[in-house]
K.L.:
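Please find one structure pasted underneath; my questions will follow.
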2 protein chains.
Amino acid sequence: MTVKLGTRAATVSGRIPDELVASSVFLLKRLGTAAKQKAVDAYEEAGLSPYHHGILALLDEGGVRETQGAIADALGYDRGTLVGLLDELEAEHFVERRRDPVDRRRHIVRLTPEGKRALERLRRVARRVEDEFLARLDDEQRAALHELLLRLASTHEPRCAGPVEPPA
Amino acid sequence: MTVKLGTRAATVSGRIPDELVASSVFLLKRLGTAAKQKAVDAYEEAGLSPYHHGILALLDEGGVRETQGAIADALGYDRGTLVGLLDELEAEHFVERRRDPVDRRRHIVRLTPEGKRALERLRRVARRVEDEFLARLDDEQRAALHELLLRLASTHEPRCAGPVEPPA
DNA sequence: TATTGTTATACTCTATAACTATA
DNA sequence: TATAGTTATAGAGTATAACAATA
């Protein structure tokens with residue numbers, strides 16, 4: 001099914017070329033950028049970023065304590081970048097770092113009760129962003145979109161493993 | 001419909017938290033980044049970038065000649081950035097710049113025959129990227145995804161105007 | 001005075017690699 | 001010697017603003 005515009009006028013002033021709009025990869029790039037922008041702006045009001053949300057969510061889900069390397073690897077963050085993010089979370093007492101007595105090179109990161117509350121605030125922010133961004137889609141369309149994105153993620157973002165069964 | 005993973009083990013080593021994977025906005029961000037990376041890499045082999053493709057496609061579609069401001073506005077590029085992109089295209093003789101005799105502040109940019117051929121090469125690259133990126137989806141799923149992305153773009157990337165009818 | 005294209009500047013992100021302390 | 005975390009550095013990318021020519 002080829003997308004066909006009504007009028008193919010000689011002058012297409014102000015519009016993105018059809019051949020780009022016809023490309024899902026192009027749309028994914030643009031929408032991904034827009035989504036990131038909206039998310040960063042929204043989290044900013046809470047003084048944090050989507051990256052912080054990722055860290056807190058991981059700690060909450062995975063038994064509250066993880067080493068820095070495990071966090072970085074699971075989320076796909078650079079280890080150097082993670083240090084700064086944890087510094088910020090620790091300054092707000094949302095996480096605690098302590099040396100692992102078993103291997104004193106490691107730091108064990110733990111989620112604090114304040115961190116858990118911050119996470120709940122971030123979840124509300126995320127829900128709001130989600131709702132605003134998908135406003136034009138009804139529930140069925142949202143489910144369909146999510147299913148398709150999950151399928152793409154299973155090859156292009158393997159860390160998302162998730163419920164979509166591997167190769168068909 | 002809530003995504004539910006089989007085992008909710010105490011340790012989720014190596015995986016992105018469920019609450020992120022459950023978010024379409026999160027997936028859009030990650031997939032958008034991955035798509036951009038793949039696209040840039042692929043276009044690099046042709047010595048150009050997706051940005052160049054946008055410019056050439058716009059010129060081809062819109063009557064071959066446009067002013068720099070019109071190009072920048074239509075594609076959403078910064079005008080300063082566009083200068084460098086056009087320099088590169090002009091160095092390869094894919095476009096020509098000449099002063100507009102009517103308003104000597106303006107530059108008219110024209111697509112050359114070589115530029116048209118380059119555009120055709122870039123179209124092949126784009127088709128390949130598209131096919132690789134959507135490899136896990138069948139034709140029906142691709143159409144469904146495109147439809148949904150178009151709908152999102154109509155609010156978050158208005159320049160994509162396109163065939164999806166405005167408000168519901 | 002405002003606008004077009006250009007150039008220069010600065011700022012953000014990210015990636016790399018050095019550095020320490022432990023193993 | 002290798003690894004975990006930290007810090008510093010450099011590069012790409014982007015946004016901002018100054019600038020010259022023209023309207």
Side-chain angles (χ1 to χ4, degrees), chain A residues 13-14 29-30 32-41 43-44 48-52 54-55 58-59 65-91 95-110 157, chain B residues 13-14 29-30 32-41 43-44 47-55 58-59 65-91 95-110 157:
Chain A
S13 52
K29 288 191 290 181
R30 289 278 174 131
T33 304
K36 183 177 280 181
Q37 191 61 55
K38 297 252 183 197
V40 167
D41 291 350
Y43 281 81
E44 209 159 70
L48 295 171
S49 76
Y51 299 107
H52 297 113
I55 296 168
L58 185 83
L59 291 173
R65 53 208 296 299
E66 295 281 359
T67 130
Q68 292 189 202
I71 296 172
D73 291 349
L75 295 171
Y77 296 175
D78 176 89
R79 291 182 183 209
T81 308
L82 180 63
V83 172
L85 292 167
L86 288 176
D87 288 347
E88 289 156 359
L89 289 174
E90 203 171 28
V95 302
E96 284 171 3
R97 267 188 280 214
R98 60 181 64 171
R99 287 211 170 277
D100 183 346
V102 174
D103 180 345
R104 290 183 44 74
R105 290 173 304 181
R106 288 191 159 91
H107 282 176
I108 302 286
V109 183
R110 298 206 325 118
E157 197 65 56
Chain B
S13 51
K29 289 191 290 182
R30 290 278 175 131
T33 304
K36 183 177 280 183
Q37 191 59 55
K38 297 252 183 197
V40 167
D41 290 351
Y43 280 81
E44 209 159 69
L48 294 171
S49 77
Y51 299 108
H52 296 112
H53 186 175
I55 296 168
L58 184 84
L59 291 172
R65 54 208 292 301
E66 296 280 0
T67 127
Q68 292 189 202
I71 296 171
D73 291 348
L75 295 172
Y77 297 175
D78 176 88
R79 290 182 184 211
T81 309
L82 180 64
V83 172
L85 292 168
L86 288 176
D87 288 347
E88 289 155 1
L89 289 174
E90 204 172 27
V95 303
E96 284 171 3
R97 268 190 279 215
R98 61 181 63 171
R99 287 213 170 276
D100 183 346
V102 175
D103 181 343
R104 291 184 42 74
R105 290 173 303 181
R106 289 188 157 93
H107 281 176
I108 302 286
V109 183
R110 300 207 322 118
E157 197 64 57

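Computed over heavy atoms, backbone and side chain alike; hydrogens, waters and symmetry mates excluded. All figures in this text were calculated on a predicted structure; none of them were measured in a lab. Lettering of chains follows the sequences in order, A, B, ..., and the numbering in each one begins at 1.
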K.L.:
With nearest nucleotides of DNA chain D determined for A:D103 and A:D78 from heavy-atom distances, which residue corresponds to the more 5′ nucleotide?
P.N.:
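Comparing both residues, the 5'-ward one is A:D103.
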K.L.:
Give a yes or no on whether a salt bridge exists between A:D100 and A:R65, defined as a side-chain N under 4.0 angstrom from a carboxylate O.
P.N.:
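A salt bridge is absent here (no side-chain N lies under 4.0 Å from a carboxylate O).
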K.L.:
Ignoring hydrogens and geometry beyond distance, is a side-chain donor-acceptor pair present between B:Q68 and B:R97 at under 3.5 Å?
P.N.:
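Note: B:Q68 and B:R97 side chains meet the donor-acceptor criterion.
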K.L.:
Just by distance, no angles: are the side chains of B:Y43 and B:H52 close enough, under 3.5 Å, to form a donor-acceptor pair?
P.N.:
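Their side chains do not contain a donor-acceptor pair, so the 3.5 Å distance test is not met.
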K.L.:
Between B:Y77 (side chain only) and B:Y51 (backbone N and O only), is there a donor and an acceptor less than 3.5 Å apart?
P.N.:
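Checked: pair present.
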K.L.:
Just to confirm, is there a sub-4.0 Å distance from OP1 or OP2 of D:dA4 to any side-chain nitrogen or oxygen of A:R97?
P.N.:
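False: A:R97 side-chain N/O out of range (4.0 Å or more) of D:dA4 OP1/OP2.
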K.L.:
Of all the choices, C:dT4, C:dT6, D:dT6, which nucleotide is nearest to the side chain of A:V83 once you look at every atom?
P.N.:
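The closest nucleotide is D:dT6.
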K.L.:
Is there a side-chain polar atom (N or O) of B:R104 under 4.0 Å from OP1 or OP2 of C:dT4?
P.N.:
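For C:dT4, neither OP1 nor OP2 has a side-chain N or O of B:R104 closer than 4.0 Å.
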K.L.:
Do the side-chain N or O atoms of B:R105 get closer than 4.0 angstrom to the phosphate oxygens (OP1, OP2) of D:dA23?
P.N.:
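Negative; the distance criterion is not met.
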K.L.:
Please determine whether a side-chain nitrogen or oxygen atom of A:T81 lies at a distance below 4.0 Å from atom OP1 or OP2 of D:dT6.
P.N.:
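For D:dT6, neither OP1 nor OP2 has a side-chain N or O of A:T81 closer than 4.0 Å.
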K.L.:
Considering heavy-atom distances to DNA chain C, does B:R79 or B:D87 have its closest nucleotide positioned more toward the 5' end?
P.N.:
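Closest to the 5' end, via its nearest nucleotide, is B:R79.
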K.L.:
Does B:Y51 make a side-chain N or O approach to OP1 or OP2 of D:dT14 shorter than 4.0 Å?
P.N.:
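Result: yes.
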